[in-house]
Protein chains: 2
Amino acid sequence: MGVHKVETLFANSLEDSALSDKQKAVLRASLTLFSEQGFDRTSTADIAKRAQVSEGTVYKHFKTKAEIRSAILSSMGNLVVPAAASEFVAEIDPQALTSLEALLQFVVADRLQFASDNRAVIRVFVQEALMQPALVQNTAQQLTKQFEQGFAPRLHQLIQAKQLVDWPMLRLFRTVAGTVLSYALPVVMLPPANTAFDVEQATAEIVETLLKVLRP
Amino acid sequence: MGVHKVETLFANSLEDSALSDKQKAVLRASLTLFSEQGFDRTSTADIAKRAQVSEGTVYKHFKTKAEIRSAILSSMGNLVVPAAASEFVAEIDPQALTSLEALLQFVVADRLQFASDNRAVIRVFVQEALMQPALVQNTAQQLTKQFEQGFAPRLHQLIQAKQLVDWPMLRLFRTVAGTVLSYALPVVMLPPANTAFDVEQATAEIVETLLKVLRP
DNA sequence: CCCATCAGTGAGTGATGACTCACTACAACT
DNA sequence: AGTTGTAGTGAGTCATCACTCACTGATGGG
């Protein structure tokens, strides 16, 4: 199923960028702390401590604390999300094309796994999105583009094959996203300990539900 | 449809409590600022300024800044949510019982209106919920209780009348909540200017979608 | 009329936290 | 060996912010 941990993609994307080990440690520590306590409640001293680095080092590469957040979020918004999405689109099993059920099966399982793997980053993202509408809009646009290129054509095929109800793309997207969200949200919001989450079972339930709606 | 603005219920609930006009102004200003900039980025000086009050006055009634937030959130969690919810349950048109469609129509329109009316408070709540899992769990419990008392019986009736698919209550809840969320989320996350939101049309679409899933 | 009470004031305080800078260690090149 | 460049250090600075307190003015009861 490929790499789904944004942390991993993030780390990989840092290998290329000429950052020293300590700088990477700073970014990793920041991501952890931001997701645990929030950006504002994380001091640069905290970051330095967690990264086992002096506070000066934190500022050697990043001019401000906000720049650290930017590094994480832009990596997320402009690099990781599209990367994950296109990887994801590219990965779609060609045979998944043939049946609505197989397509849903794949998409739903994939996104649930994504949500469950990336609690931390999602939390940072949501937190920031609440204060920066532009961030929401950018990401929405990115996703829309990916969706229109990767998905819409396949959906049109399914509609023509009378396997999929003939609704506007936005409505199809909403239906799937909403149902997936209703399972993913508790996983992201609650501590992992409280949520014994069975991706397979959830997927089965969601797909069953969606098939009822999405068949013509 | 009764009062749905949490701000209004909140204000009403303050009328009773023996707070002076200035104290109420403090709470109102705090709510606005918290929802606009977040709790951490709002200074007590900001609050005082917005409430047209000296900083000392802010601390006359509330011992700490966190106490202001508590006043807002607990009012939300322990008072307003149940109040709104039970008001809401009590309001359900008896005739709505007879048909699944009428019930959905009412519930969906009501919750959409709620989301659209209460962007500000919802944002404060989500922001805080990200850092306090306990808050999520408390609210979830409150809602569950209300749901089980107010809704579950009616749903059981509909199931027995073969009007509603025989799924566990949690799954029924998820289905409805997920679909409503897929319409409500953009409204809450994006600035109102960008979202010309037509509750009626959205309701119609959601109900149509839900009927497809929820019929046996 | 005087005193007590109390909401309200705003200058002040101590702590915190983002950011700086003079310095060190070390590697690479001449 | 000497020079230069670069990553890293951590004590120090300055602004901000949550919170305090000595004071004021208005209200009302005796």
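All figures in this text were calculated on a predicted structure; none of them were measured in a lab.
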In chain order, what residues pass the ring-ring contact (aromatic ring centres under 6.0 Å, His included) check against A:Phe147, with sequence neighbours excluded?
A:Phe151, A:Phe173
Do any side-chain atoms of residues 177-191 of chain B form donor-acceptor pairs under 3.5 angstrom with protein atoms, and if so which ones, sequence neighbours left out?
from: B:Thr179; atom 1: OG1; to: B:Thr175; atom 2: O; distance (Å): 2.9
from: B:Ser182; atom 1: OG; to: B:Thr179; atom 2: O; distance (Å): 2.7
from: B:Tyr183; atom 1: OH; to: B:Glu205; atom 2: OE2; distance (Å): 2.6

Whole angstroms only, please: what is the CG-C1' distance between A:Leu33 and C:dA18?
16 Å
Can you list everything that forms a salt bridge (Lys or Arg N to Asp or Glu O under 4.0 Å) with B:Glu36? Sequence neighbours excluded, please.
B:Arg50
Applying side-chain hydrogen bond (donor to acceptor under 3.5 Å, both in side chains) to B:Gln52 and not counting sequence neighbours gives none
Where along nucleotides 7-21 of chain D does protein come under 4.0 Å, by heavy atom, of base (B) or sugar-phosphate alone (S), with - for untouched nucleotides?
-BBB------SBBB-
Partners of A:Tyr59 by ring-ring contact (aromatic ring centres under 6.0 Å, His included), sequence neighbours excluded?
none
